[in-house]
There are 2 protein chains.
Amino acid sequence: MKPTIKDIAAKTNLSIATVSRVLGHKQGTYSAKAEAKVLQAARELGYRKNTVAVELVKKRADVLAVIINATPTNFSTDIIDGIQERAGQLGQQVIILYAGNREAPLQHQAINTALQRNVSGILLVAIEPDATDRELLQAAQVPFCFVSLNLDDQNIKSVSSNNHDLAYQATEYLIAHGHTRIGLAGIDDYHTGRQRLAGYQAALANHQIMADPAWVQRGNYSYQAGQAALSPYRSLGVTAVLAASDMVAAGLLTAAQGQHLTLPQDLSIVSIDGTIICDITTPALTSVTQDFREIGRQGVNRVMGQAAQTIIPVTLTERASVAELDQLETK
Amino acid sequence: MKPTIKDIAAKTNLSIATVSRVLGHKQGTYSAKAEAKVLQAARELGYRKNTVAVELVKKRADVLAVIINATPTNFSTDIIDGIQERAGQLGQQVIILYAGNREAPLQHQAINTALQRNVSGILLVAIEPDATDRELLQAAQVPFCFVSLNLDDQNIKSVSSNNHDLAYQATEYLIAHGHTRIGLAGIDDYHTGRQRLAGYQAALANHQIMADPAWVQRGNYSYQAGQAALSPYRSLGVTAVLAASDMVAAGLLTAAQGQHLTLPQDLSIVSIDGTIICDITTPALTSVTQDFREIGRQGVNRVMGQAAQTIIPVTLTERASVAELDQLETK
DNA sequence: TGTTTTATCGTAAACGTTTACAGTTGCGTA
DNA sequence: TACGCAACTGTAAACGTTTACGATAAAACA
């Protein structure tokens, strides 16, 4: 039988109330002698507090639930690092609930799990909520925040990079390097994808470039999506591509090399994310780099009612996957 | 105020016991009429069961805790997929606790968190336990299992690939391709590393190859460890390297390309893991591929007292990072 | 008809804590 | 000496469920 405070009380001839007080560090409510006896007994008995009982009586769990899915891309550990860091500072434990591969039932289940445990907040990392998810979350009185995803509804808390700006910057960068036939590969048709698409289109429009709709190749941010995007681009004469994620960029890159293209001369790539994947490929991928740790930290702030920054700036990291386009071609 | 079964009882003029029975699907203990009334009332009130209270009275949480750390390598999602799959079949929820970057205090904290919640089992993914961790786990009566890590102590449950065999196979493969000066890069000095080292050494010995101790370059399975290993190998005349992880292989590869070496002609690499990283690099990495999903599944079996396989076979996946060594050199 | 069985339900205790409130000391002060 | 007060401790209720046990009424049986 696991020891309880009752056992400690019996052993020390104190009441469970006193035991509870010293174990709860309610300073000033117990004597040094009581403290010593209780601590000693607790050690001897191998006592461990039953968090479940505490949560029941306090009607509150100092726990942040993080819901993630198996993103085909791989930035989540950085976000979680940031979340863990900030949560620790605010005295919150973090539990991660895994929602599978964007599978609706698993997402509901994860949200329900969190809700049934009186968590103090829910962080949804790169989760596209469906209608049920939204109802579930809004019906509960638990604060929640979307992380690395920005819903259109401004009443719903979120922390992410500015997707519009991010795509805009990357596209401008390619234009500045002489490219005019610029693809956008791997985006989905949800919030993040639409926002990036808009940024991309805005940059092209700003430079009077008439975009061919076929330059946009949808996908799910995965390696496979990148691979699939290559062949359309070859027939379209696209010289540079903005990849929706590092994984998409990697897929494009290996597909291109499979076709014996030389990078970046035959195809320039800018990828979005800037994870370690960018260093691994040959050539290394120039990227718009997101500050995932900071996104995680601010997500915690947001959900815990602290002052928080909701749009996290990105930086353009030059590596080796973009070539200056020979201007002769375009004349 | 969140509604409780008491509210449902009041609304339906039934006792809380009956409400609890229908909500708990204790078939045969309640009438169809009672069921209808309770379900209706629950829906109207937006009732959600308080898992914390249930766990307290049942003294048991149908929850599996998975403790992971920020591995520099990236196989964990596959393991978690496998865990989640099997746990779902056994009616267990899964919560993931994050133990940071092999930081001892965070590991203890994660274990304590799990223990304080009466979880039905603990799965430690790629965690090297220190003495405190082991005491903590063994003092509790909660079943636990190390996953993707095989302690020497056979009394402690674990599920993993056979590290000795894995390194042996890979080394033999390189020998069969004519290599005799073979490095081993990125392994740590704990269980996994030692087991792989032994397999590597056994294969060399089996072919009467006198190994130079400097062929073994320690590390922590990271990209950086791979990069750091290159320069020693160049001066040693090593022609092939067994990398301790895909990330190590990637580091080795980009470092080699940074030195203008041509792969695989100038350096052959076999990596361990076989994640998607192997496809991303140029050339693609030949690997000893672990079945991480299966490792996850069997880990659940093990900890839930089901029949389980504890050693999961590996397969050698040929890609493009190993060259047949010109036999003239060795004559 | 009376008796037994069955189906259904309610009462109340229990799970391991926290905490409001009410004691009980012992000390300082008048 | 008596009083007030501070410091400490104990009693008991509460958190939201589950479940053993007993109660009730209807159905089945003789």
Side-chain angles (χ1 to χ4, degrees), chain A residues 1-39 41-42 45-63 112-113 115-120 140-141, chain B residues 1-39 41-42 45-63 112-113 115-120 140-141:
Chain A
M1 232 17 190
K2 272 220 282 200
T4 71
I5 54 171
K6 215 177 283 182
D7 299 314
I8 298 183
K11 186 158 182 163
T12 55
N13 289 320
L14 290 165
S15 70
I16 59 165
T18 302
V19 175
S20 171
R21 282 189 279 251
V22 356
L23 257 20
H25 306 294
K26 299 260 170 293
Q27 313 257 352
T29 66
Y30 51 84
S31 64
K33 206 169 60 183
E35 178 178 21
K37 282 204 291 182
V38 168
L39 260 27
L45 292 170
Y47 172 79
R48 196 189 315 277
K49 195 178 281 201
N50 184 329
T51 307
V52 174
V54 175
E55 288 177 355
L56 178 61
V57 59
K58 288 202 173 172
K59 307 185 70 164
R60 172 175 60 87
D62 289 329
V63 169
N112 269 320
T113 301
L115 256 25
Q116 289 175 7
R117 288 180 174 277
N118 305 323
V119 296
S120 45
Q141 79 301 29
Chain B
M1 232 19 191
K2 272 219 283 200
T4 71
I5 54 171
K6 215 176 282 181
D7 299 313
I8 299 183
K11 184 158 183 163
T12 55
N13 289 320
L14 290 165
S15 70
I16 60 165
T18 302
V19 175
S20 171
R21 282 188 278 251
V22 356
L23 259 19
H25 307 292
K26 298 259 169 295
Q27 313 255 353
T29 66
Y30 51 84
S31 64
K33 206 171 58 183
E35 178 178 21
K37 283 204 291 182
V38 168
L39 260 28
L45 293 170
Y47 172 79
R48 195 190 314 278
K49 197 178 280 202
N50 184 328
T51 307
V52 174
V54 175
E55 287 177 355
L56 179 61
V57 60
K58 288 200 173 173
K59 305 184 70 163
R60 171 175 60 89
D62 289 328
V63 169
N112 270 320
T113 300
L115 256 25
Q116 289 174 6
R117 288 181 174 277
N118 305 324
V119 297
S120 46
Q141 78 300 30

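Lettering of chains follows the sequences in order, A, B, ..., and the numbering in each one begins at 1.
Between B:Leu56 atom CG and D:dT17 atom P the separation is 12 Å, expressed in whole Å. In this structure, A:Ile16 places its CD1 atom 9 Å from C1' of D:dT11, rounding to the nearest Å. Nucleotide C:dG16 holds its P atom 13 Å from the CD1 atom of A:Ile8, rounded to whole Å.
A:Lys59 has a side-chain polar atom (N or O) that falls below the 4.0 Å cut-off from OP1 or OP2 of D:dG16. Remark: B:Ser15 is in phosphate contact with C:dG10, judged by side-chain N or O atoms under 4.0 Å from OP1 or OP2. Between A:Lys49 and the phosphate of C:dT17, there is no side-chain N or O to OP1/OP2 separation shorter than 4.0 Å.
Between A:Leu45 and A:Pro3, the shortest heavy-atom contact is O-CG, 3.4 Å. Minimum heavy-atom separation, B:Arg117 to B:Ala61: O-CB, 3.6 Å.
The residue A:Asp7 sits apart from the nucleic acid: no heavy atom pair falls under 4.0 Å. Using a 4.0 Å heavy-atom distance criterion, A:Asn13 is classed as a sugar-phosphate-only contact. Residue contacts shown for B:Leu14 are limited to sugar-phosphate atoms, with no base heavy atom under 4.0 Å away.
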**Message:** Using side-chain contact (heavy atoms from CB on, under 4.5 Å), reason through B:Tyr30 and B:Val38 one step at a time and then give a plain yes or no.
**Reply:** CA-CA 11 Å; B:Tyr30 51 84; B:Val38 168; over 6 Å; no

**Request:** Output, in order, the C-alpha distance, side-chain angles, deciding distance and verdict of side-chain contact (heavy atoms from CB on, under 4.5 Å) for B:Ile8 and B:Leu23.
**Result:** CA-CA 11 Å; B:Ile8 299 183; B:Leu23 259 19; 4.1 Å; yes

**Request:** Could you walk me through whether B:Glu55 and B:Val63 pass side-chain contact (heavy atoms from CB on, under 4.5 Å), step by step?
**Result:** CA-CA 10 Å; B:Glu55 287 177 355; B:Val63 169; 4.2 Å; yes

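Ranking D:dT18, C:dG16, C:dT11 by closeness to the B:Ile5 side chain, first place goes to D:dT18. If you check C:dT17, D:dG10, D:dT19 against the side chain of B:Lys26, the one that comes closest is D:dT19. Comparing atom distances between the B:Arg21 side chain and each of D:dA20, C:dT18, D:dT18 picks out D:dA20 as nearest. Closest contact between the side chain of B:Lys6 and the listed nucleotides D:dT18, D:dC15, C:dG16 involves D:dC15. Closest contact between the side chain of B:Ala17 and the listed nucleotides C:dG16, C:dA12, C:dT18 involves C:dA12.
Under the 4.5 Å side-chain criterion, counting only non-hydrogen atoms from C-beta, B:Asn50 is not in contact with B:Lys2. Contact check for B:Val119 versus B:Asp62: no side-chain heavy atoms found under the 4.5 Å cut-off.
Not a single donor-acceptor pair under 3.5 Å links the side chain of B:Lys11 to the backbone N or O of B:Ala41.
If you find the closest nucleotide of DNA chain D to B:Ser20 and to A:Val57, the one lying nearer the 5' end belongs to A:Val57. In this structure, A:Ala53 and B:Thr18 both approach DNA chain C, and ranking their closest nucleotides by distance from the 5' end singles out B:Thr18.
Residue A:Thr51 holds its OG1 atom at 10.5 Å from NZ of A:Lys58, rounded to the nearest 0.5 Å. Within the model, atoms OG1 of A:Thr12 and CD1 of A:Ile5 stand 10.5 Å from one another, a figure rounded to the nearest 0.5 Å.
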Between the protein and nucleotides 24-26 of chain C, which nitrogen or oxygen pairs are less than 3.5 angstrom apart?
none

Output one line per pair: protein atom, nucleotide atom from nucleotides 6-8 of chain C, and distance, for all N/O pairs under 3.5 Å.
none

